[in-house]
2 protein chains.
Amino acid sequence: MYQPSRLQQDLADRIVRLVNEDGLQVGALLNENSLAKRLEVSRTPVRGALQYLEHQGILARRPNRGMELVALPEQTPAVATTDTDEKWLVQIARDRRKDELPQDFSEVEIMRRYGLNRPTVQRVLSRLSDLEMVERKPGYGWRFVTGFRDPAARDESYRFRLLIEPMGILEPTFQLDPQWLEEMRRRHADTLERPWQDTSSIAFFEMNAAFHEGLAAASGNRFIHSAIRHQNQLRRFSQYDWKFGFERVVVNCREHMEILDYLAKGERDVASVLLRRHLERASQVRSRDNPDPG
Amino acid sequence: MYQPSRLQQDLADRIVRLVNEDGLQVGALLNENSLAKRLEVSRTPVRGALQYLEHQGILARRPNRGMELVALPEQTPAVATTDTDEKWLVQIARDRRKDELPQDFSEVEIMRRYGLNRPTVQRVLSRLSDLEMVERKPGYGWRFVTGFRDPAARDESYRFRLLIEPMGILEPTFQLDPQWLEEMRRRHADTLERPWQDTSSIAFFEMNAAFHEGLAAASGNRFIHSAIRHQNQLRRFSQYDWKFGFERVVVNCREHMEILDYLAKGERDVASVLLRRHLERASQVRSRDNPDPG
DNA sequence: TATTGTATTTCATCATGAGAGAATACAATC
DNA sequence: GATTGTATTCTCTCATGATGAAATACAATA
């Protein structure tokens, strides 16, 4: 079967989004050149993406005239991370937590164990070492940083976020995108309404992460934003497996929504205080089943 | 001539340090096994390092008994960074600032321009992208992040540090190593006494960086420490070339030493306020010749 | 028995080349 | 003249093998 490259799939998704945003109707012709320019790539992968959409019956080729929109595509749901390495980061962190990986290890061990090629392993290890989860041994080999999974790290993480997140809201450059705010409210409301399943924990985590990262981004300070992204990435490793009780989910969403309400009213000082309280409270929840929401 | 590997050189340095710390005297025998264990490597590179020290006339081989210390080695001065990639990071950042590199570029361009092999370029670009200085374009190629060198980034950096550094001193886990404190005082005093040359700016920067990083490390919070290391690394790129007037150096050192004095007395609250003031003041110094001390 | 000496195995890096696919240039068509 | 169609060039990723060096095992020696 026909298989588009990763880039082409990404572009196809983005083209669908553009079609929706531009409000194009059936019968419209898509222009390769302008798409290529908007997407910041050359025409070649755009052609591939269009061909892919043609396979899906969304577009039809009009020889020498371009691609015609023959069906309105539905928005693909929140884009699953297109980053295949990410999966291995999570996997390796999990296996280490379960003590299935030794503290010291070599690249080839990882290659063999997970069936990866060397470049992939090197990329993954390099990212893990940026996160200070692993480090090179002086000679050959790598080792997991001692204490990357101890409880102290958790406390330090919360204390770090307590310094940054509430203050980020008070930055003079703070500016919140109203669209983002509405989207966030909707996602939180959805979470509260939908029947809760234990398997939702990844989605719940990602919503949480998006909430905190969005606020950090709105601060207008790239370093605040970057620090919170970093924290989210670390938390992602330890939390994907966790199960949250629904009660905790409810409390969490309510607190988030309250903060969003005050931000909508422009009362940033209140929002900042509530965010601080929210983090403090989350840092204290530690029962085995609800180890770390927030 | 005989050329030890990088690891062997490192180990030789560390062995010299151990000899000094242990207070070994001429005639002592060095044990390969225990050295290997202390240095966390196998015996092989330790042998290489010992051989290297033998070449320097510090050790002498006693067949089947080991290496005997025949001369007390002098401590090597503050170890120059053993990281060869680092040099290229700085170089590339500088060339971009001078507009000698285009915003968009490919790996091969870098390989050709600097005469590097591909793995090196990939490592360097990967590190630059962790620092959010460059990013991959969607198709082939890389580009410098717009605004990585604009003045806004500088302001954001100071505001970020203002959130973190003064609070770090107040963390309940804060604990300062008295040895570090003395060492810092000495370095600052030295800087004030020595005749000032424009070429000292790298040494001055590194002393500054060590000061701020040391305080962050003392906070006992790994994320605070890591964030400040990150900031130092970014600042390193833009500041290695800068010339500081001596007046600014004097003010800077005095402010640092005052902070150290209060920390020595255990008055962390005062130190924290002074540090905040110090950062605020530094963020306002912007004349062309003193663009960014602090 | 502990330590050094020696040999073997394993590891990671780099060089090289092939292949997939993106960028680019030019021809064809409306 | 603008846009699509087609061919060519360039870039990056991956697989493979060679090399240098670290890890490991075992022998020799005090």
Side-chain angles (χ1 to χ4, degrees), chain A residues 3-11 29-37 39-52 54 59 61-68 84-85 104-112 116-123 125-126 136-142, chain B residues 3-11 29-37 39-52 54 59 61-68 84-85 104-112 116-123 125-126 136-142:
Chain A
Q3 188 61 2
S5 73
R6 175 163 306 285
L7 174 59
Q8 291 169 15
Q9 291 179 47
D10 281 355
L11 293 178
L29 276 174
L30 270 63
N31 181 318
E32 278 183 14
N33 265 318
S34 51
L35 279 176
K37 212 168 288 172
L39 299 169
E40 301 187 282
V41 292
S42 72
R43 273 176 55 212
T44 312
V46 170
R47 285 181 76 78
L50 293 177
Q51 201 177 333
Y52 178 47
E54 185 187 11
L59 300 176
R61 160 154 284 125
R62 299 283 170 261
N64 280 315
R65 297 184 48 233
M67 287 288 198
E68 184 180 324
T84 51
D85 289 348
D104 295 38
F105 61 96
S106 68
E107 289 180 13
V108 277
E109 276 174 57
I110 302 293
M111 288 172 64
R112 277 198 282 265
L116 300 175
N117 54 21
R118 192 179 286 276
T120 305
V121 170
Q122 283 173 336
R123 281 196 309 275
L125 289 181
S126 149
R136 265 177 197 288
K137 288 199 286 185
Y140 286 151
W142 297 76
Chain B
Q3 189 61 2
S5 74
R6 174 164 307 286
L7 174 59
Q8 290 169 16
Q9 290 180 49
D10 281 357
L11 293 179
L29 276 175
L30 270 62
N31 181 320
E32 276 183 14
N33 265 319
S34 51
L35 279 177
K37 212 168 288 172
L39 299 169
E40 301 189 281
V41 292
S42 73
R43 274 176 54 210
T44 311
V46 170
R47 283 182 77 79
L50 292 177
Q51 202 176 333
Y52 178 47
E54 184 186 13
L59 300 177
R61 160 154 284 127
R62 299 283 170 260
N64 279 316
R65 297 183 49 233
M67 286 289 197
E68 183 181 325
T84 52
D85 289 348
D104 294 39
F105 61 95
S106 68
E107 289 180 13
V108 276
E109 276 174 55
I110 302 292
M111 288 172 64
R112 276 197 284 264
L116 301 174
N117 54 21
R118 192 179 288 276
T120 306
V121 170
Q122 284 174 335
R123 280 197 309 276
L125 289 181
S126 149
R136 264 178 197 289
K137 290 199 284 185
Y140 286 154
W142 297 76

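Order of the sequence lines fixes the chain letters, A, B, ..., with proteins taken first and strands second; residue numbering starts at 1 for each chain.
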Contact pattern, 5' to 3', of nucleotides 9-15 of chain D - B, S or - by protein heavy atom under 4.0 Å: --BBBSS
Criterion side-chain contact (heavy atoms from CB on, under 4.5 Å) on A:Leu35 and A:Asn31, from CA distance to verdict: CA-CA 6 Å; A:Leu35 279 176; A:Asn31 181 318; 5.8 Å; no
Picking from B:Arg123, B:Arg118, B:Arg112, what satisfies salt bridge (Lys or Arg N to Asp or Glu O under 4.0 Å) with B:Glu107? B:Arg118
Atom pair distance, as rounded to whole Å: CG in A:Leu125 and P in C:dC11: 14 Å
Picking from C:dA22, C:dG5, C:dT29, which would you name as closest to the side chain of A:Ser5? C:dA22
How many Å lie between CD on B:Glu40 and C1' on D:dA22, as a whole number? 15 Å
Looking at D:dA22, I'd like to know if its phosphate oxygens (OP1 or OP2) sit under 4.0 Å from a side-chain N or O belonging to B:Gln8. yes
Taking atom P of C:dG5 as reference, at what distance in whole Å does atom CG of B:Leu50 sit? 10 Å
Using OP1 and OP2 only, check whether a side-chain N or O of B:Thr44 sits under 4.0 Å from D:dA22. no
Closest to the side chain of A:Arg43, out of D:dT6, C:dA23, C:dT3, is D:dT6
Could you tell me how far apart B:Glu54 (CD) and C:dT4 (P) are, to the nearest whole angstrom? 14 Å
Name the one of B:Lys37, B:Arg47, B:Arg65 that satisfies salt bridge (Lys or Arg N to Asp or Glu O under 4.0 Å) with B:Glu32? B:Arg47
Could you tell me how far apart A:Asp104 (CG) and C:dA12 (P) are, to the nearest whole angstrom? 12 Å
Under the criterion side-chain contact (heavy atoms from CB on, under 4.5 Å), I'd like the reasoning laid out for B:Phe105 against B:Leu125: C-alpha separation, chi angles, the key distance, then a yes or no. CA-CA 11 Å; B:Phe105 61 95; B:Leu125 289 181; 3.7 Å; yes
B:Arg61 and B:Met67: side-chain contact (heavy atoms from CB on, under 4.5 Å), yes or no, with the steps? CA-CA 5 Å; B:Arg61 160 154 284 127; B:Met67 286 289 197; 3.5 Å; yes
Please check the phosphate of C:dG5 (OP1 and OP2 only) for any side-chain N or O of B:Arg47 closer than 4.0 Å. yes
What's A:Leu30 touching, base or sugar-phosphate or nothing? Going by heavy atoms closer than 4.0 Å. sugar-phosphate
Of B:Glu32 and B:Pro138, the one whose closest nucleotide on DNA chain C sits nearer the 5' end is B:Glu32
Heavy-atom check, side chain of A:Glu40 versus side chain of B:Lys137, under 4.5 Å: no
Here the gap from A:Ser5 atom OG to A:Tyr52 atom OH, rounded to the nearest 0.5 Å, amounts to 10.5 Å
Check against side-chain contact (heavy atoms from CB on, under 4.5 Å), A:Gln3 and A:Gln9: CA-CA 9 Å; A:Gln3 188 61 2; A:Gln9 291 179 47; 4.1 Å; yes
What is the distance from CZ of B:Arg6 to P of C:dC14, rounded to the nearest Å? 12 Å
Length of the line joining A:Asn64:CG and D:dG1:C1', which is rounded to integer Å: 15 Å
Nearest-angstrom distance from the residue atom CG of B:Leu11 to C1' of D:dA22: 11 Å
When you check the phosphate oxygens OP1 and OP2 of D:dT3, does a side-chain N or O of A:Asn31 lie under 4.0 Å from one of them? yes
First of A:Asn33 and B:Pro45 reached from the 5' end of DNA chain D, by closest nucleotide: A:Asn33
Looking at A:Ser42, does any N or O in its side chain come under 4.0 Å of the phosphate oxygens OP1/OP2 on C:dA22? no
